[in-house]
Amino acid sequence: MAKFKVNGVEHELDIEPEMPLLWAIRDELGMTGTKFGCGIASCGACTVHVNSSAVRSCVLPVSAVEGQDITTIEGLAFAANAAGTSGINDNSAPNITAVQQAWIDHQVPQCGYCQSGMIMAVSSFLASNPNPSDADIDAGITNVCRCGSYPRVRKAIHSLAIA
Amino acid sequence: MKVSRRRFILSSALVGGGVLIGYSATRPSKHRLANNELAKGGEHYVTSFLKIDPDNQVTIYVPHAEMGQGVHTSLAMMAADEMDADWEKVRIEQAPAIDLFANGDLIKGFAGEAGVPSFLMGLVNVSATKIAEIGNLQITGGSSSVRFTGDTAMRTAGAAARQMLIECAAQRWNVPADECTASLSYVMHSGSEQSLTYGELASDAALLEPTTEPTLKDRSQFNIMGKAISRNDIPAKVDGTAPYGLDYHSDDMLYAAIRMAPVFGTKLVSVDASAALSRRGVKRVVELEDSVAVVANSYWRAKEALKLVKTEFETSENDSISSADIAARFDAELASSNGSKDFEQGDTDDAIAGAADTIEASYRVPYLSHAPMEPMNCTVHFHDGKADLWTSTQDALGIRGRVAKIGGLDENDVTHHFSYVGGGFGRRLPFTWNVIDHATLIAKEFDVPVKTVLSREDDMQQDYYRPAVHSNFKAGFDSYGNIAAWHNRFTGPIQVAGAAFIPYDIKNQSIRVVDGETHVPIAAWRSVDHSQQTFFTESFVDEIAHRTGINPYQFRMNLLLRHPRHRKVLEVAAEAAGYGQNLPEGHALGLAVQESFGSICAEVAEVSIGDDGQPIVHKVTAAIDCGWAVNPDTVEAQVESGIIFGLTAALYGEITIENGRVAQNNFPDYEMVRMADVPEIEVHIVESGEALGGLGEPATPPIAAAVTNGLYILTGKRVRDLPIRKHDFSKPASLAAV
Ligand code: FES
Ligand code: FES
């Protein structure tokens with residue numbers, strides 16, 4: 001039995017301990033916001049948060065997240081609201097975070113397939129470095145976007161910077 | 001502007017009120033299907049692009065796939081503007097994949113431009129008669145959606161709707177129609193100060209005889225087109241709810257992992273699946289002609305079990321072929337064959353013999369994989385003599401037909417369910433059928449949905465690749481920069497007509513293509529032949545410029561006197577990039593220009609060499625003339641995207657063949673440009689007001705040559721084969737003369 005929380009909901013799954021978290025989330029739980037891109041921790045499409053740090057779930061066996069708190073793109077706003085870190089300060093319980101809003105404002109996604117992972121990666125990156133330089137962004141955001149949304153990702157990140 | 005030919009404008013009452021107004025380029029009698037599908041039992045034949053409900057909701061149906069190019073929004077903008085709809089009240093939906101939406105205008109647009117829809121790969125020897133067959137496809141490719149579907153069908157349908165609504169209001173108020181105006185989903189009569197919403201008029205409008213000659217707006221009358229409007233597909237793409245083909249899920253579904261013949265074109269000989277069959281969750285092992293698949297209750301279980309399957313594939317004469325063999329064959333072909341004519345003008349041999357100076361150069365580019373971010377996948381559910389289909393595709397209608405054919409069903413019994421497309425780039429066009437055919441045959445053995453997925457490795461090794469091409473040039477010129485003769489021989493096949501043509505004023509030209517057929521399957525790859533040919537032609541022109549001592553910008557401008565649009569984009573890009581001005585120490589600017597898919601794009605790359613001897617691209621300044629911009633923000637995004645896609649190919653892209661098969665596996669050995677490599681990109685839109693040009697592709701071709709032309713200025717080293725990363729720039733040869 002694998003036991004972990006996804007977006008605040010406890011799950012107990014009768015699956016192999018070596019099954020990567022990505023496939024447990026997608027095929028066992030049927031939550032498809034987290035994407036499969038490469039399966040070898042290279043592209044970042046499968047990025048989720050485990051106890052609020054970004055990890056690439058395609059190579060992470062469920063045995064490694066036993067009892068942990070996992071957040072996927074579907075639960076990002078919920079988790080941020082709960083932690084008071086959504087970045088949106090209007091008392092509503094927003095269903096997107098400031099990062100997601102910046103993605104809309106800057107019209108970042110193209111095909112959009114990489115963006116769940118990109119947003120998860122950027123959210124945790126900004127949590128630890130709220131005012132990153134371009135060099136920080138280059139080093140910290142290594143996800144692949146085949147459509148080349150990078151210039152807009154960069155702009156959106158800068159727009160979120162807390163000086 | 002009047003629509004020139006009589007168009008078929010059709011309208012239909014909707015059950016429960018409202019009207020459906022559409023446009024058809026063919027006869028309405030073919031469109032029975034749409035009636036059932038969209039009007040839900042209405043009585044008239046309709047082809048539909050938009051619907052107005054009594055509550056004043058306008059729904060615009062877009063017959064193209066959304067791959068991130070913003071086409072849903074752009075096409076809806078075109079219809080909404082012509083009908084003077086309130087954009088806030090417009091809903092956008094992808095039209096269902098039914099015959100009705102076959103891209104008549106798309107086919108005609110291409111037939112006019114190049115004779116053949118150029119992105120339909122696999123039809124290398126396509127004949128005109130094939131166009132009729134192709135006519136039944138609902139394709140998104142060739143950068144065609146906005147310029148063909150949009151500029152004809154969507155705008156016409158919108159304009160017809162506006163005219164019919166005005167007509168309807170005029171009758172109700174008993175006033176002349178030309179005293180009525182439309183705006184923001186209202187019709188108004190100023191004399192009597194009356195107004196009605198489109199919703200209030202819709203049911204009556206359905207009773208009118210449809211307009212036959214709707215009048216389109218002039219650009220000065222646009223309210224929505226030309227504005228940077230937010231794309232409607234973006235909100236769902238930031239919260240994980242946007243559905244892609246790979247995302248279809250049901251509790252009873254099964255998953256297939258597949259191993260295809262590693263050497264293209266070979267067949268499966270034998271399988272030992274005993275170990276796999278005993279694995280948890282494995283349902284069946286399916287043997288197909290060229291592959292074996294494990295079907296299990298999770299993709300991961302299927303994939304793990306597949307590792308235990310022992311397979312033997314037949315041997316073939318291609319088993320020992322490597323990239324070096326292919327290169328040698330191309331060179332031999334170029335040495336021995338004069339090929340077939342692509343373009344001939346004047347007497348090139350004579351002109352070269354008489355020229356003051358001559359120059360020769362040989363270039364080559366490797367095979368490339370598309371590598372869309374969403375791995376290839378297809379889910380099919382056979383049940384009750386019908387099939388449901390989920391797959392991300394650039395051609396929903398074509399895929400539906402293919403699944404019907406392979407699955408032995410009538411096309412009308414196959415339903416394709418909408419999804420967004422996680423990257424196309426040509427990989428999800430017709431004739432790149434591999435995952436579709438396999439998924440259909442596998443799913444046919446089950447009565448639950450079966451999702452077949454190609455892993456990243458599978459897709460990299462089983463793609464239909466951008467062709468490797470070799471291209472040899474000779475030119476005769478004088479020291480004033482006049483080129484008397486241009487002689488070019490390259491390996492084919494030609495996939496899109498005219499990609500090797502040059503805009504430069506050169507009297508004698510001989511451009512011919514020799515056979516480049518190999519066992520490696522090929523397909524259209526973003527911008528098709530333009531990405532290779534522009535690297536060749538724009539590099540060689542640059543080489544000639546440097547030999548004459550005239551700067552490459554001025555050299556091009558001098559030879560483009562008959563191409564003012566080319567001159568304009570070059571001028572805008574060069575000026576914005578600071579061409580001819582002081583650059584930071586160790587930086588240089590390279591430039592290139594190309595016309596493709598009706599747009600002209602110039603790019604200037606600012607480059608330097610890093611401490612590791614590898615090039616750094618600091619900034620790319622682009623100027624694009626796409627006629628005019630329907631949505632300027634989408635234009636910019638597409639140019640950024642096209643440049644980065646082309647830069648990945650230029651810097652890193654290389655698929656090699658070893659022992660008849662592809663050597664690369666995944667992103668580390670088929671590297672992508674990532675954040676750290678991405679230059680600053682500045683996009684200038686040049687509005688010539690000419691016909692709309694494409695946008696998905698035209699920014700990709702110039703970038704490779706722009707970068708390598710810059711590297712030459714910087715290092716004196718001329719890159720004649722890609723990718724750039726194979727070259728070492730750490731020890732500059734000698735600084736170039738210019
Ligand atoms: S799918 Fe996990 S990093 Fe690419
Ligand atoms: S938006 Fe398509 S891969 Fe990033």
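Note on naming: letters A, B, ... go to the chains in the order of the sequence lines (proteins, then strands), and numbering restarts at 1 for each one. Worth knowing before you read on, the calculation uses all heavy atoms, side chains too, and leaves out hydrogens, waters and symmetry mates. All of these numbers come straight from a predicted model, not from anything done at the bench.
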Would you give the length of the straight line joining atom CD1 of B:I234 to atom NE2 of A:H106, rounded to the nearest 0.5 angstrom?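 One finds 11.5 Å between CD1 of B:I234 and NE2 of A:H106.
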Hey, what do you get for SG (A:C43) to CE (B:M373), rounding to the nearest 0.5 Å? 4.0 Å
Between [X] and [Y], is there a donor-acceptor pair closer than 3.5 Å when you use the side chain of the first and the backbone of the second?
X	Y	answer
B:K237	A:C111	yes
A:Q100	B:V238	yes
A:E74	B:D239	no
A:Y113	B:Y244	no
A:R146	B:A371	yes

Engaged part of A:L76 at the chain B interface, taking heavy atoms whose separation is under 4.5 Å: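 It is neither, since no heavy atom gets under 4.5 Å.
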Top contributor to chain B interface from A:Q115, A:K35, A:R152 [non-hydrogen pairs under 4.5 Å]: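 Top count of heavy-atom pairs under 4.5 Å with chain B: A:R152.
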Checking [X] against chain A: side chain, backbone, both or neither under 4.5 Å from a heavy atom?
X	result
B:A242	backbone
B:E671	neither
B:T241	neither
B:T634	neither
B:L246	both
B:K451	side chain
B:D251	neither

Closest-packed option against chain A by number of heavy-atom pairs under 4.5 Å, given [options]:
options	answer
B:D633, B:L647, B:I643	B:D633
B:I644, B:N297, B:T648	B:I644
B:M672, B:M253, B:M460, B:E374	B:E374
B:A228, B:G70, B:S230	B:S230

Which residues in residues 57-68 of chain A have any heavy atom lying under 4.5 Å from a heavy atom of chain B? none
Give me the contact list for residues 12-32 of chain A versus chain B, heavy atoms only, anything under 4.5 Å, ordered by residue number. A:D14, A:I15, A:E16, A:E18, A:M19, A:P20, A:W23, A:R26, A:D27, A:E28, A:G30, A:T32
Inter-chain contacts: residues 417-426 of chain B against chain A, heavy atoms under 4.5 Å: B:V421, B:G422, B:G423, B:F425
Any residue meeting side chain to side chain contact (heavy atoms under 4.5 Å, CB included) with A:I40, in chain and number order, not counting sequence neighbours: A:C38, A:S42, B:E457, B:N666, B:P668
Atom CG of A:N51 with >12 non-hydrogen neighbours under 6.0 angstrom: yes
Is the number of heavy atoms from other residues, nucleotides or ligands within 6.0 Å of NZ (A:K5) greater than 12? no
Working for side-chain contact (heavy atoms from CB on, under 4.5 Å), residues A:Q110 and B:Q69: CA-CA 6 Å; A:Q110 293 201 14; B:Q69 78 283 44; over 6 Å; no
Ring geometry between A:F36 and B:Y299 (parallel below 30°, tilted from 30 to 60°, perpendicular above 60°):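 Tilted.
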Pair A:V144-B:R674, side-chain contact (heavy atoms from CB on, under 4.5 Å): steps then yes or no: CA-CA 6 Å; A:V144 173; B:R674 301 181 193 226; 3.4 Å; yes
